[in-house]
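Each remark here refers to the structure printed beneath this line.
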Amino acid sequence: MTTTASSHHLSPAFPGRAPWGTANKLRAWQENALGRYLETQPRDFLAVATPGAGKTTFALTLASWLLHHHVVQQVTVVAPTEHLKKQWAEAAARIGIKLDPEYSAGPVSKEYDGVAITYAGVGVRPMLHRNRCEQRKTLVILDEIHHAGDSKSWGEACLEAFEPATRRLALTGTPFRSDTNPIPFVAYEEGDDGIRRSSADYTYGYGNALGDGVVRPVIFLSYSGNMRWRTKAGDEIAAKLGEPMTKDAVSQAWRTALDPRGNWMPNVLRAADQRLTEVRKGIPDAGALVIASDQDSARAYAKLIREITGTKATVVLSDDTGASKRIDEFSGSTDRWMVAVRMVSEGVDVPRLAVGVYATTISTPLFFAQAVGRFVRSRRRGETASVFLPTIPGLLGFASEMEVERDHVLDKPKKGEDDPYAESEKEMAEAEKLQDEETGEQEEFSFEALESDAVFDRVMYEGASFGMQAHPGSAEEQDYLGIPGLLEPDQVQMLLQKRQARQIAHSRKKPDAEADLLELPAEKRPVVSHKELLGLRKQLNTMVGAYVHQSGKPHGVIHTELRRVCGGPPSAEATAGQLRERIAKVGEWATRMR
């Protein structure tokens with residue numbers, strides 16, 4: 001059994017390496033959360049803390065206190081994956097709590113203080129775990145609690161198994177589910193709008209953690225480019241990433257970019273490897289991770305990395321035998337690259353990962369936040385993380401909202417209302433399923449990727465965009481890839497502003513004939529979705545309609561006048577910036593006539 005001393009000598013990050021300045025003591029948020037718990041001694045407690053902040057440490061500190069004070073006699077940790085339950089057992093062992101990660105049935109050996117199991121394991125035998133809770137006072141730690149809502153059967157199994165538990169501690173590090181499956185042991189409160197949302201007992205978001213230096217700031221490097229593909233009907237389509245397109249076209253252009261046979265992925269991997277080299281000047285053991293959609297792509301990306309770098313990449317294809325060992329070996333080495341499929345969402349805990357390539361078409365905020373969470377764990381002051389993305393409106397939206405705290409919305413909004421939290425249930429199912437299994441979806445959206453190229457598009461940091469478009473390998477691209485890997489957050493912002501100013505000044509010196517790329521800073525090139533573009537057209541037409549009544553002029557005359565004054569093509573072909581300019585202009589005209 002643990003001693004009182006154990007809870008006072010915890011490393012604040014597991015495994016092993018404590019971040020700068022925090023060794024041998026709890027972080028402020030961990031102490032505050034622990035204090036809040038001990039004040040009220042609740043049966044259920046929900047802690048929401050950003051990935052990399054130290055949820056494991058907080059939970060094990062609390063477990064140590066409850067065991068020592070005989071509030072509970074045993075601990076059960078429920079984790080999403082086989083790999084994570086082993087990590088929990090290893091972390092617990094460091095402070096003297098022995099958990100059996102191989103438990104399957106029967107009595108637990110007396111040498112253990114409890115067990116580490118998976119949600120799937122609970123789903124198979126809920127009564128086994130209920131009996132254990134009934135026989136001895138139990139603390140249940142539900143890691144990444146949103147997984148208890150993955151399926152109705154898992155949620156029901158958790159309710160059945162842990163309803164008799166003496167104490168239940170629920171943890172999560174990312175936005176809650178986008179569906180409306182209720183999560184067991186989570187309290188929901190109804191807002192003024194009549195919608196019930198999850199209520200956390202303690203929240204420590206990415207913005208708070210960034211301010212405290214607990215996590216790394218993330219620099220997002222976005223790449224656009226021209227894509228060409230053939231549809232199921234045999235039509236050839238060409239489009240540029242970042243341009244407004246229908247949802248299907250965005251999906252197909254995105255998949256074309258990620259095709260390892262095109263030029264987009266090799267160029268982005270080459271840029272990411274150059275970024276890794278720069279980061280390793282300040283963080284010698286820094287590693288990089290490619291997040292792949294499926295096994296075939298993962299193997300192909302690993303082959304490209306070998307060709308680009310001359311070194312082999314570690315490949316982790318799924319949560320199977322040997323995957324945990326490969327992750328552990330990579331974590332303890334100084335190897336440069338790893339490629340993973342399913343293990344990324346919450347199973348990869350490698351503190352030295354500092355560079356990422358988001359090479360999957362999963363487009364839910366939950367998965368994106370989990371993926372980015374692999375790179376934000378800070379070990380010493382000044383470390384930065386770099387994540388490479390395709391210029392997809394949804395992804396850049398997630399990147400700009402890193403600091404937004406979300407709750408689980410239990411009720412659907414009324415018809416006609418926008419739900420700021422929800423993604424479609426179909427997309428959520430896509431994020432949760434095994435990405436390397438055959439689903440038949442490929443046949444439904446059958447297409448052939450023909451060719452792709454890459455263009456450096458922008459850098460995003462703390463919601464702001466920097467940079468002008470540049471060819472891979474150009475001096476302009478190298479300017480951003482060469483940002484030092486050790487910088488304070490305010491230094492990152494200042495340096496990005498200087499790089500952009502230098503790029504703009506250089507661009508102005510070039511003759512117009514040499515400007516083969518769009519010569520506009522990123523903040524003047526907003527990435528707009530097809531839906532947002534339709535909204536702007538609708539807004540313009542509404543304002544023109546109102547002005548018709550004021551001026552007595554026909555619609556067509558007003559639209560023609562707006563084109564003459566503001567420039568640009570007809571509304572149906574106008575960009576978001578052109579539409580906004582016309583909306584402002586017609587609003588100005590209407591004001592003058594009052």
Side-chain angles (χ1 to χ4, degrees), residues 7-37 45-62 84 87-88 91 94-95 143-144 169 171-175 200-220 279 282-283 285-287 331 346 348-356 368-387 399 401-406 461-463 485-493:
S7 66
H8 298 290
H9 295 282
L10 281 168
S11 164
F14 291 96
R17 299 185 182 93
W20 62 273
T22 58
N24 298 321
K25 64 179 181 180
L26 291 178
R27 293 173 176 150
W29 86 262
Q30 293 163 336
E31 286 188 353
N32 291 338
L34 192 62
R36 187 171 299 180
Y37 184 96
F45 191 89
L46 170 61
V48 178
T50 192
K55 293 186 298 294
T56 304
T57 301
F58 162 67
L60 290 173
T61 304
L62 178 57
L84 268 181
Q87 284 191 346
W88 270 96
R94 290 187 174 92
I95 64 163
D143 186 25
E144 303 298 352
L169 173 62
L171 307 170
T172 186
T174 50
D201 296 286
Y202 193 89
T203 300
Y204 186 67
Y206 174 77
N208 300 122
L210 189 62
D212 292 343
V214 168
V215 294
R216 298 168 177 156
V218 184
I219 302 168
F220 292 97
V279 170
I283 313 171
D285 68 339
S331 182
E346 289 136 339
V348 174
D349 188 12
V350 182
R352 68 185 187 88
L353 286 176
V355 175
F368 184 86
Q370 289 171 349
V372 174
R374 302 313 98 202
F375 308 99
V376 301
R377 185 184 295 280
S378 180
R379 297 179 298 167
R380 64 173 170 137
R381 194 178 187 99
E383 291 184 344
T384 60
S386 303
V387 177
E401 296 172 358
M402 276 285 289
E403 298 183 25
V404 175
E405 292 174 7
R406 292 181 173 88
Y461 179 69
E462 291 191 341
L486 285 174
L487 285 173
E488 293 294 325
D490 57 339
Q491 292 176 320
V492 176
Q493 184 101 11

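Residue numbers start at 1 and run along the sequence shown. Small disclaimer: the values here were computed from a predicted structure and weren't measured.
Proximity of L60 to R94: side-chain heavy atoms (C-beta onward) are nowhere separated by under 4.5 Å. Residues V492 and E462 form no side-chain contact, since every pair of their non-hydrogen atoms from C-beta on lies 4.5 Å or further apart. For the pair R374/P51, a side-chain contact is recorded, criterion being any heavy-atom separation below 4.5 Å from C-beta on.
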Criterion side chain to side chain contact (heavy atoms under 4.5 Å, CB included) on Q30 and T61, from CA distance to verdict: CA-CA 9 Å; Q30 293 163 336; T61 304; over 6 Å; no
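Every residue two or more places apart in sequence or in another chain that forms a side chain to side chain contact (heavy atoms under 4.5 Å, CB included) with A385 is listed here: R216, V218, F375. The side chain to side chain contact (heavy atoms under 4.5 Å, CB included) check on A286 picks up L276, V279, R280, I283, A354, with sequence neighbours excluded. Every residue two or more places apart in sequence or in another chain that forms a side chain to side chain contact (heavy atoms under 4.5 Å, CB included) with A209 is listed here: T50, Y204, V214, V215. With sequence neighbours excluded, the residues that form a salt bridge (Lys or Arg N to Asp or Glu O under 4.0 Å) with E488 are R381. A search for side chain to side chain donor-acceptor pair (under 3.5 Å) contacts involving Y37 returns R167, not counting sequence neighbours. Contacts of T384 classified as side chain to side chain donor-acceptor pair (under 3.5 Å), with partners at least two apart in sequence or in another chain: none.
W29 contributes no side-chain N or O that, together with a main-chain N or O of A49, makes up a donor-acceptor pair within less than 3.5 Å. Panel note: side chain D201, backbone L46; a donor-acceptor pair is recorded below 3.5 Å.
Closest of all the heavy-atom pairs between F45 and A33 is CZ-O, 4.0 Å.
Remark: of the listed residues L353, D285, V350, V350 is the sole one forming a side-chain contact (heavy atoms from CB on, under 4.5 Å) with S331.
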